[in-house]
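Following: one structure in structure tokens, then a few remarks.
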Amino acid sequence: MDHDHHNGPAAGQNAPPAPRGGSALTPAPDARNHQAHGMDDEHMVHTHGQHAGHSVAMFRNRFWLTLALSVPVVYFSPMVGHLLGYAPPALPGTAWIPPILGTVIFFYGGQPFLKGGLDELKARKPAMMLLIAMAISVAFIASWVTSLGIGGFDLDFWWELALLVSIMLLGHWIEMRALGSARGALDALAALLPDEADRITAEGTETVKVSDLVAGDTVLVRSGARMPADGMVIAGQAEFDESMITGESRTVLRSPGDTVIAGTVATDNTVRVQVTAVGDDTALAGIQRLVAEAQASSSKAQALADRAAAFLFYFAAGAGIITFIAWSLLGSIPDAVTRTVTVLVIACPHALGLAIPLVIAISTEQAARAGVLIKNRMALERMRTIDVVLFDKTGTLTKGEPALKDLAAAEGVDPSELLALAAAVEADSEHPVARAIVRAAREQGLPIPAASDFSSMTGRGVRATVNGTTIQVGGPALLRELQAEEPQSLATTTKAWIDRGAAVLHIIDGHRVLGAVSLEDAVRAESRQAVKALQDRGIKVAMITGDAQQVALAVAEELNIDEVFAEVLPADKDKKVAELQSRGLKVAMVGDGVNDSPALARAEVGIAIGAGTDVAMESAGVVLAGNDPRAVLSMLDLSQASYRKMWQNLIWATGYNIISVPLAAGVLAFAGIVLSPAAGAVLMSASTVVVALNAQLLRRLKLNPADLN
């Protein structure tokens, strides 16, 4: 690909970025085995929260085996037989099927909850795991006491234990399938580095592992290869694609004395680079650290269901203690034990285990149909609270590719002929700017003459012969080299273009400037609708970019954006999110580059554009499968609707407990109203059905971004 002729506008100006090539989206071939260290959805391991150390596959496998073991436990349960009006077969040993299989279920299926509950107890942060662990432990002990005939108690909870463990495993499996793994962001960053490098020695070139490089080594970086470490060019020059690091995809010419960054790609030539930093000292490693820190800071929030579970744990524990004391004082120790056990077992409603996971699963499915991929549950919950949406400019609000904006011809030159002439010269170039000029000429239906003898001039421009005349197209460097003077009227026009940050290319015949064209990053039509719709909902819209101030302000003015952060260094985007948060604002960050990753992880909600890099998508809690920024509105509507459903389900689940626990404790025993263990278990199952049906109502939500306003 030719990049030589686009050194952009005047010094200090940012030219419109070129489209993100495959290098920004796909790790280099020699980096692919880095991905082997990642984890797919079925083996995703969470490193924090109630799922610490647990994988999707683990919950799935335990659920299916536990469910299979639960069938005979339920069938041979005398209590279930009595409720459903059948008598289990009285074969020798059948009475021991529920205790034996129930014990296996308790230790095998219940192991994640027992371990999680112990961890929550040690941390003094009771939540869902401890509530489940308490219920199944009490049910296990009480059922064995009954099975062994100790004390004459009738507390056969084997079937309830089996169903509770099965349903809770199902709920956690559903939930984890809907969640993403923060670990993937660091794996994707690691994949940007090649595994090997060509080190130059006195004897020649040797291939070594990247880990063997040290500062001071000289490496050979071929065209199309990634930089293995940070360094300084000492021989040769090449256009480097730094989009995966800077987020701005315009290639940058790097010559002797210029610094280059690990993970970036030499696109057109081979250069020799002296290594200045390796391993943890590279800029890429710094971004990895920022991502890890931001993810750690954003993972501290407690989930809605865990808060409800914490309330129910204290409620159940308190009710159990009061129940035992009250019935003991009444002189009935057996009744005290029966009532207390019943309270503690039914205090963990099946509905609570499914309330949130079902909503998440259905929300995730509905969102996916609208092109919104939800990877993190907390992102779904937090979106409804957002005060400001911070958009990265390039590739998000804009298309990330240049488009011809204006054309000015010198006196006596026909503008249409000028554009056709420029297109003819650029026709053999694959550079994004060249494609933009050719595309504009074709859209206007102009006949493009044939050109010959095409050649590029590094850092200056391109030339070709058109109708027997040598025509050159290039930026300010070409003008200086040819000592060509712009006509005053043309210079006034191009200065205005440069002042607003556009890239300016001149079309030159010999030393005569025939005219000029301006190219700018094209703003998406959907961006205007997205910005206005967000502002209409009372949400502030901000924009962040590494582009020059005038470039950013031009886009912000066109879109009527509330606040602009321009000329932001890659490592500072994270700080801008923190700055907004320090004002008390809750931030949703929308971006697509590696340099956006720390900011995406730091924000309350990180939203990656699907055309962006793998790292940005791994760091974000939400991924927009397409490039339509209006999908942010879909996410907002879904967050509000799903949060309502979560609360409705939790109110139902906890409301059941608030009513059933006192009845099970016997507060109305004086009036002859007592909730038996069997009745409590049946009501618990009924509440689960209600919760499941209520969650299904989310399917009515319309999330097509094109229909939102």
Side-chain angles (χ1 to χ4, degrees), residues 13-14 16-17 247-248 383-406 496-503 518-568 573 576-577 579-581 583-593 596 599-600 603-609 611-612 622 624 626-637 639-640 704-709:
Q13 303 300 319
N14 284 12
E248 305 304 325
M383 189 65 191
R384 66 184 181 84
T385 68
I386 291 303
D387 302 307
V388 56
V389 177
L390 177 63
F391 286 98
D392 176 55
K393 179 185 78 71
T394 307
T396 305
L397 291 175
T398 65
K399 294 181 179 180
E401 61 182 27
L404 191 141
K405 181 77 171 179
D406 295 301
W497 293 347
I498 291 173
D499 287 344
R500 72 169 188 247
S518 73
L519 298 107
E520 298 180 18
D521 193 359
V523 173
R524 298 183 191 279
E526 303 88 353
S527 296
R528 298 181 181 85
Q529 300 174 36
V531 171
K532 184 178 185 303
L534 286 168
Q535 291 170 335
D536 288 345
R537 298 180 188 207
I539 296 174
K540 186 177 180 180
V541 179
M543 184 181 77
I544 190 167
T545 180
D547 276 350
Q549 185 78 19
Q550 60 266 37
V551 178
L553 291 177
V555 174
E557 183 178 357
E558 184 174 349
L559 294 176
N560 192 32
I561 286 173
D562 300 305
E563 185 169 1
V564 177
F565 300 102
E567 300 178 9
V568 180
K573 287 192 176 182
K576 294 302 180 184
V577 172
E579 178 185 323
L580 288 170
Q581 291 170 330
R583 300 184 206 166
L585 300 172
K586 291 184 171 60
V587 182
M589 168 72 187
V590 187
D592 67 343
D596 298 329
L600 289 170
E604 276 76 11
V605 180
I607 303 174
I609 290 286
V622 179
L624 305 184
N627 298 321
D628 192 341
R630 294 176 301 178
V632 173
L633 296 162
S634 299
M635 179 63 183
L636 185 62
D637 285 352
S639 176
Q640 294 169 342
N704 185 355
D707 297 335
L708 297 175
N709 50 50

Quiz item: Should Gln535 and Asp562 count as side-chain neighbours, where that means a heavy-atom distance under 4.5 Å?
Solution: yes

Quiz prompt | Spacing of Ile561 atom CD1 and Leu534 atom CG [to the nearest 0.5 Å] | solution = 10.5 Å

Self-check item: Flag, side chain of Arg524 to backbone of Leu397, donor-acceptor distance under 3.5 Å
Solution: no

Quiz item: To the nearest 0.5 Å, how far apart are CD in Gln550 and CD1 in Ile498?
Solution: 10.0 Å

Quiz item: At what distance, to the nearest 0.5 angstrom, does CG of Asp596 lie from CE of Met589?
Solution: 4.0 Å

Quiz prompt | Test item: Glu604 side-chain N/O and Ala588 main-chain N/O as donor-acceptor pair under 3.5 Å | solution = no

Quiz item: Say you draw a straight line from CZ of Arg630 to CD of Glu526; how long is it, rounded to the nearest 0.5 Å?
Solution: 5.0 Å

Quiz item: Under a 4.5 Å cut-off applied to non-hydrogen side-chain atoms, are Leu390 and Lys573 in contact?
Solution: no

Quiz prompt | Ionic contact status for Lys540 with Asp387, cut-off 4.0 Å | solution = no

Self-check item: For Thr396 against Ser527, the heavy-atom pair lying closest together
Solution: O-OG, 4.0 Å

Quiz item: Taking all non-hydrogen atoms of both residues, which atom of Gly591 and which atom of Asp392 are closest, and how far apart?
Solution: CA-CB, 3.8 Å

Quiz item: Do Arg583 and Val388 have side chains that get closer than 4.5 Å, going by heavy atoms?
Solution: no

Exercise. With sequence neighbours left out, write down each residue that passes side-chain hydrogen bond (donor to acceptor under 3.5 Å, both in side chains) with Glu557, or none if nothing qualifies.
Key: none

Quiz item: So do Thr545 and Val551 actually touch side chain to side chain, heavy atoms under 4.5 Å?
Solution: no

Practice problem: Could you tell me whether the side chain of Val389 reaches within less than 4.5 Å of the side chain of Ile607, counting heavy atoms only? | Solution: no

Self-check item: Considering all heavy atoms, the nearest Glu567-Gln549 contact
Solution: OE2-N, 3.0 Å

Quiz prompt | side-chain contact (heavy atoms from CB on, under 4.5 Å) evaluation trace for Asp637 with Arg537 | solution = CA-CA 11 Å; Asp637 285 352; Arg537 298 180 188 207; 2.6 Å; yes

Quiz item: Distance from Lys393 atom NZ to Met543 atom CE, nearest 0.5 Å?
Solution: 6.5 Å

Quiz item: What do you reckon, is NZ of Lys586 surrounded by more than 12 foreign heavy atoms closer than 6.0 Å?
Solution: no

Exercise. Specify the closest pair of heavy atoms between Ala603 and Gln581, including all atoms of both residues, with the distance to one decimal.
Key: CA-NE2, 3.8 Å

Practice problem: Taking the side chain as every heavy atom from C-beta outward, state whether Val632 and Phe391 have any atom pair closer than 4.5 Å. | Solution: yes

Quiz prompt | Point-to-point distance, once rounded to the nearest 0.5 Å, from CG of Leu585 to CD1 of Ile539 | solution = 11.5 Å

Practice problem: Using the test salt bridge (charged side-chain N to carboxylate O under 4.0 Å, His left out), find all partners of Lys576 that sit at least two apart in sequence or belong to another chain. | Solution: Glu579

Quiz item: Looking at Met383 and Leu636, what are the two nearest heavy atoms and their distance?
Solution: O-CD1, 3.5 Å

Quiz item: What are the two closest non-hydrogen atoms of Leu633 and Ala530, and how far apart are they?
Solution: CD1-CA, 4.4 Å

